[in-house]
There are 2 protein chains.
Amino acid sequence: MAGIREAKKQQTRQAIMQAAIKLFSEKGFESTSIEELAKEAGIGKGTIYSYFQTKTDILYAFCEDELANLHQELTDNADCEIPILKRMVEIYMSEFHLITENREFGRLFMQQTAFPREADLNQHLENENIYFSLLFPLLAKAQERGELRKDLDLLHITGHFYGLYLLMVSAWFTGRIPTEEAEITLETLFRQALEGLQPSSSMERFV
Amino acid sequence: MAGIREAKKQQTRQAIMQAAIKLFSEKGFESTSIEELAKEAGIGKGTIYSYFQTKTDILYAFCEDELANLHQELTDNADCEIPILKRMVEIYMSEFHLITENREFGRLFMQQTAFPREADLNQHLENENIYFSLLFPLLAKAQERGELRKDLDLLHITGHFYGLYLLMVSAWFTGRIPTEEAEITLETLFRQALEGLQPSSSMERFV
DNA sequence: AATAAAAATTGACCGCGGTCGACTTTTTTC
DNA sequence: GAAAAAAGTCGACCGCGGTCAATTTTTATT
């Protein structure tokens, strides 16, 4: 039987993930040692390292699973026709929700996502592409509808929104905004971005 | 003499910083052990921990020194009258320059600045205030000149620019933009922010 | 079924960051 | 200036993340 090994590997990987979810949730990431994790998963310590390169990789694997689910969900009921502002807030807030669920996971994940180690770049770019494939269609449609300027690069627009999201999450971690204000803050920032920071010609009468 | 102890402490602190700059530059942050650092500074390992709480704190202390110098410099020749776009690009690019000088320092610093550990929040907020005291006057003046909308919160405007800066730095770390494109990218993003992502009334003829 | 080759598992081991109680130096008290 | 108190220094020690040579398990070959 040629499949035994493959099947077992998947099983072991799952066992590690399950143990990780359990122990990380119970005692936190830092307080859980690799040895405990291995014991809980019913394997030896060294074996873990033939499934994950580092301890944090285990965490990221979990985060990416969650994120992949989320993106699938978002893609499935992708309604391109609702206003872009509302839609973008919706998308980013659902990601933000994952972060608030476990602050410590979230911190490490954001650190690694925004400013990744050189070694993790490939994996990072993969995730980014998933993102783009979700956002580009939405933004392109919005351009066609006249909600977004057509002379702007889609990449720059995506980046613009993402940058504002980063800022909001950063502000949350530093305690500058509480969880319940996150959404309104993000919406305000996005609206600012759409309308522009400088007085528009049509608004000159107010200035 | 009551001052002996104080003076010595400052001296020792400096010795640690000097040793850190030397060794971190020579062999990198991760490859330098606390024990080596202590030896280079001519003190015992444990003593380091009565000056810095963690190894990374030594790094941050260095970064903050650099940043404080930079901010002093920027405050000194603060010309409030040049266009806000140009001025903001200038300010953020000079900070970005510090980051490019040592990628690894930069990564840790950005990770910690944007998404700080709970324990470091106080220190973080202090730094943020220095920032605000630099930016607020500039932005307020720009509002008066009519370069920025007066109906927007200064905090949100600051955040908006900072968010775009975060995005640009993130894109640099992920290799999406090379060093020489950093400035033009930042300028593009800032201009987008000023003009707005949606078609302005005065531009409707182009749509 | 026997044997060889390949792959996976393991835990003793390493080096590191960080701790802590023992020790030394400085300051205060009288 | 002697003794007590306070502050500072130190390195053996701890637990952890991560490695690797030895071993076991699976697959390929005949």
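Being a predicted model, the structure only gives us computed values, none of them experimental. Numbers restart at 1 for each chain; the letters A, B, ... are given by sequence-line order, proteins then strands.
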Which of dG17(C), dG17(D), dT9(C) is nearest the side chain of Thr12(A)? It is dT9(C)

Sorted by number, residues from residues 40-59 of chain B placing a heavy atom under 4.0 Å from DNA chain C are Lys45(B), Tyr49(B), Thr54(B), Lys55(B)

The salt bridge (Lys or Arg N to Asp or Glu O under 4.0 Å) partners of Lys86(B) (sequence neighbours excluded) come to none

To the nearest angstrom, the CD-P distance between Gln11(A) and dA8(C) comes to 15 Å

For Lys39(B), the salt bridge (Lys or Arg N to Asp or Glu O under 4.0 Å) test, sequence neighbours excluded, returns none

With sequence neighbours left out, the residues meeting side chain to side chain donor-acceptor pair (under 3.5 Å) with Gln53(A) are none

Using distance only, find each side-chain donor-acceptor pair of residues 178-187 of chain A under 3.5 Å and give its atom names and separation, not counting sequence neighbours.
{"unit_1": "Thr179(A)", "atom_1": "OG1", "unit_2": "Trp172(A)", "atom_2": "NE1", "d": "3.0"}
{"unit_1": "Thr185(A)", "atom_1": "OG1", "unit_2": "Glu181(A)", "atom_2": "O", "d": "2.7"}
{"unit_1": "Glu187(A)", "atom_1": "OE2", "unit_2": "Arg191(A)", "atom_2": "NH2", "d": "2.9"}

Sorted by chain and number, sequence neighbours left out, ring pair (Phe, Tyr, Trp, His ring centres under 6.0 Å) with Phe109(A) holds for none

Residues passing the ring pair (Phe, Tyr, Trp, His ring centres under 6.0 Å) test with His124(A), sequence neighbours excluded, are none

Interatomic distance, OG1@Thr158(B) vs CG@Asp153(B), rounded to 0.5 Å, equals 8.0 Å

Those residues at least two apart in sequence (or on a different chain) that pass side chain to side chain donor-acceptor pair (under 3.5 Å) with Arg117(A) are Asp120(A)

Using nucleotides 21-23 of chain C, report all nitrogen or oxygen pairs with the protein that are shorter than 3.5 Å.
none

Sorted by chain and residue number, the salt bridge (Lys or Arg N to Asp or Glu O under 4.0 Å) partners of Glu118(B) (sequence neighbours excluded) come out as Arg103(A)

Applying ring pair (Phe, Tyr, Trp, His ring centres under 6.0 Å) to Phe105(B) and not counting sequence neighbours gives Phe62(B)

Atom CD of Glu30(A) and atom C1' of dG17(C) are separated, to the nearest Å, by 13 Å

Check this for me: Glu126(A), atom CD, are more than 12 non-hydrogen atoms of other residues, nucleotides or ligands nearer than 6.0 Å? no

Atom CD1 of Ile34(B) and atom P of dG17(C) are separated, to the nearest Å, by 5 Å

Here the distance between atom P of dA8(C) and atom CD of Gln10(A), to the nearest Å, is 12 Å

Separation of dT9(C) atom C1' from Glu35(A) atom CD, nearest Å, is 15 Å

Whole-Å distance, Glu36(A) CD to dG11(C) C1', equals 17 Å

So, with a heavy-atom separation below 4.0 Å from DNA chain D, the residues of residues 106-117 of chain B are none

